[in-house]
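So the structure is just underneath, and the comments pick up after that.
Throughout, a chain's letter reflects where its sequence line sits, starting with A, and its residues are numbered from 1.
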2 protein chains.
Amino acid sequence: MKSILFSIHSQITSFSKSERKVAQYILDHPQQVIGMNADTLANRAGVSAATVVRLAKILSTDGFPGVKIQLSAETKMDDSLYTEVDPKDPLNVVKQKMEFRIGHTIEQTNLTLKDKAVSQAAQLISEADDVYAYGLGASSIVAADFQQKFIRIGKPVVQTMDTHLIATGIVKSGTVLVLVSNTGETLESQKLADVAHEHDVPVITVTHDEKSTLAKKSDIVLVHDDSEENEKFRTAATTSLMAQLYVMDLLYYFYISMNFDENVGKLKESRDVIQKHFK
Amino acid sequence: MKSILFSIHSQITSFSKSERKVAQYILDHPQQVIGMNADTLANRAGVSAATVVRLAKILSTDGFPGVKIQLSAETKMDDSLYTEVDPKDPLNVVKQKMEFRIGHTIEQTNLTLKDKAVSQAAQLISEADDVYAYGLGASSIVAADFQQKFIRIGKPVVQTMDTHLIATGIVKSGTVLVLVSNTGETLESQKLADVAHEHDVPVITVTHDEKSTLAKKSDIVLVHDDSEENEKFRTAATTSLMAQLYVMDLLYYFYISMNFDENVGKLKESRDVIQKHFK
DNA sequence: AATATAATTGAAATTTAATTTCTTTTGAAG
DNA sequence: CTTCAAAAGAAATTAAATTTCAATTATATT
């Protein structure tokens, strides 16, 4: 089964005038044609349905529905939705745009995030006696998520926005510090990184800017995408928040898989405890 | 990004017996199904054509032909990606699978979430004198995000995990209570909903189960998807967390757009304050 | 356990879409 | 001009999808 678009392209000179109109329309709007019936396409191309069907028979043994199916196999989604969210957009358009950009952000994060950094971070955490996590603003939410995830599998994490308290904790070897900072320029995080290094405590940073001050002060950098960075009207950096949570989830997943049965067992215990005592 | 096979995989437990037969047949022979009509598939699966069509309607807005078209689009890509994350999967496969299911969750949430519920919730919040938010476990993170978002635009929100404190607050008319609970069965949230109603305080709930106890006790229900619900090994309900954050973001967006210039002005002020004093 | 109620299912009827047939139109050759 | 063949559309036909509805099965309630 070879490409139908290629077929059209190479055969188009042999088509009759009306058939050519249809063929050209398909070449110009393959994605839209997938959602049309023969009548609609006929109208759009300015011919009759019979012509559409005749052309379809040339292109596919399964007639017009067969053409749509083949088009669907070879056409990828168009990127027209990747425009900024506009205050005048109705909610349903906002939804579509958001869906698209979240998908895009995760996709990009999959590219920027280094597998090796994830495995090294997981390794560090598993070897650590104590783990401290810090983030400010939206990043505090990510740090809290990180804490929750690891406590559930029996790996306690201290997470607080009290910088002094964290500084007090990260003075002991065997400790690991996890910092979350979208920009990588948060002053508080930088100070904590300095404290950590003074005491040979390794620093794992989650940030979107691998060239940021914080990234340079870190031992392992988990870099995520931030597509909304340069937009005029950012809703609330939600996509960047999601990218960070996603990075944490991969880290968590990798950590679990290093010792799968044991960790899943602990996860199950956690659920059972809740189920038994709080339901 | 929209995958029928993943949809089937994650929804199959919710299908009826006959629908499940069809669903399983599609999972087992996606390529062959593309070349069948509804009758043939019905015979192969041992059900009636009506059942095939009914299932098709669940899976695609374009009915059975739509299912075939989508199958065609995705069977050329690696059809192992819609399956559960497996501990033996290498990290790059996990990344792809996760990307896939996050996209799917947002897409599904766009379908389940009612625009009207969002606008009503935004309206309630804008008219409220005081707003309280509560969530436990992963949902506390969502409540915290909600708080952060609205404080940034000059709408203070009280968010704490101290149920007594919340109960103390929601006894005054003009107050709104926002509850986050994935299952909709969290006891603490139910109690708070009861307190709220005793004092005529409206309750907005974010949950994945519109038939849950909490949903029934709520004035406005913001329903999100939870595709991982039925999986044996859920990483950490991260997709459901993302769906909740996404719902909050839409709510926030809608709230801003009700009074765009003013709210964006406040958002800018918030950023300036941070910039001036903490950078 | 008996009954009521709701959900599920398939057969038949209906609607919609695709296809074929047949007639009209177009255009090139004599 | 006329003739003929190819092309195209209108209408008729066929096939497919979908809906309706009645029968059945499952679920909840007393």
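- The outermost nucleotides of DNA chain C lying under 4.0 Å from heavy atoms of chain A, listed 5' to 3', are dA17(C) to dG27(C).
- Put simply, CG on D39(A) is 12 Å from C1' on dA10(D), counting in whole angstrom units.
- Among the heavy atoms of the strands lying under 4.0 Å from A50(A) is at least one base atom, whether or not backbone atoms are also near.
- Nucleic acid contact class of V52(A) (heavy atoms, under 4.0 Å, all strands): none.
- With hydrogens and angles left out, the side-chain atoms of N43(B) and T40(B) include no donor and acceptor closer than 3.5 Å.
- No side-chain heavy atom of I69(A) sits less than 4.5 Å from a side-chain heavy atom of D62(A).
- Residues H208(B) and S240(B) have side chains that never bring a donor and an acceptor to within less than 3.5 angstrom of each other.
- Of the candidate nucleotides dA17(D), dA7(D), dG9(D), dG9(D) has the atom nearest to the side chain of T51(A).
- Looking at D194(B) and Q190(B), their side chains never bring a donor and an acceptor atom within 3.5 Å of each other.
- Each of S14(A) and G63(B) was matched to the nucleotide of DNA chain D holding its nearest heavy atom; the match closer to the 5' end belongs to S14(A).
- The distance from atom CG of L41(A) to atom P of dA8(D) is 15 Å, rounded to the nearest whole Å.
- We find that CZ of R54(B) is positioned 20 Å from P of dA16(D), with the value rounded to whole Å.
- Between the CZ atom of F64(A) and the P atom of dA16(D) there is a distance of 16 Å, given to the nearest Å.
- The separation between N37(B) atom CG and dT14(D) atom P is 18 Å, rounded to whole Å.
- The separation between R20(A) atom CZ and dA6(D) atom P is 17 Å, rounded to whole Å.
- Atom NZ in K21(A) sits about 7 Å away from atom P in dG9(D), given to the nearest Å.
- Rounded to an integer number of Å, the gap from CD of E19(A) to C1' of dG9(D) is 13 Å.
- Checking the phosphate oxygens (OP1, OP2) of dA6(D), no side-chain nitrogen or oxygen of K17(A) falls inside 4.0 Å.
- Of the N and O atoms on the side chains of E188(B) and T163(B), not one donor lies less than 3.5 Å from an acceptor on the other residue.
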- Can you check salt bridge (charged side-chain N to carboxylate O under 4.0 Å, His left out) on K95(B) and E99(B), steps first, answer last? CA-CA 6 Å; K95(B) 281 158 95 175; E99(B) 175 185 331; over 6 Å; no
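- Between the side chains of H197(B) and D219(B), at least one donor-acceptor pair of N or O atoms lies under 3.5 Å.
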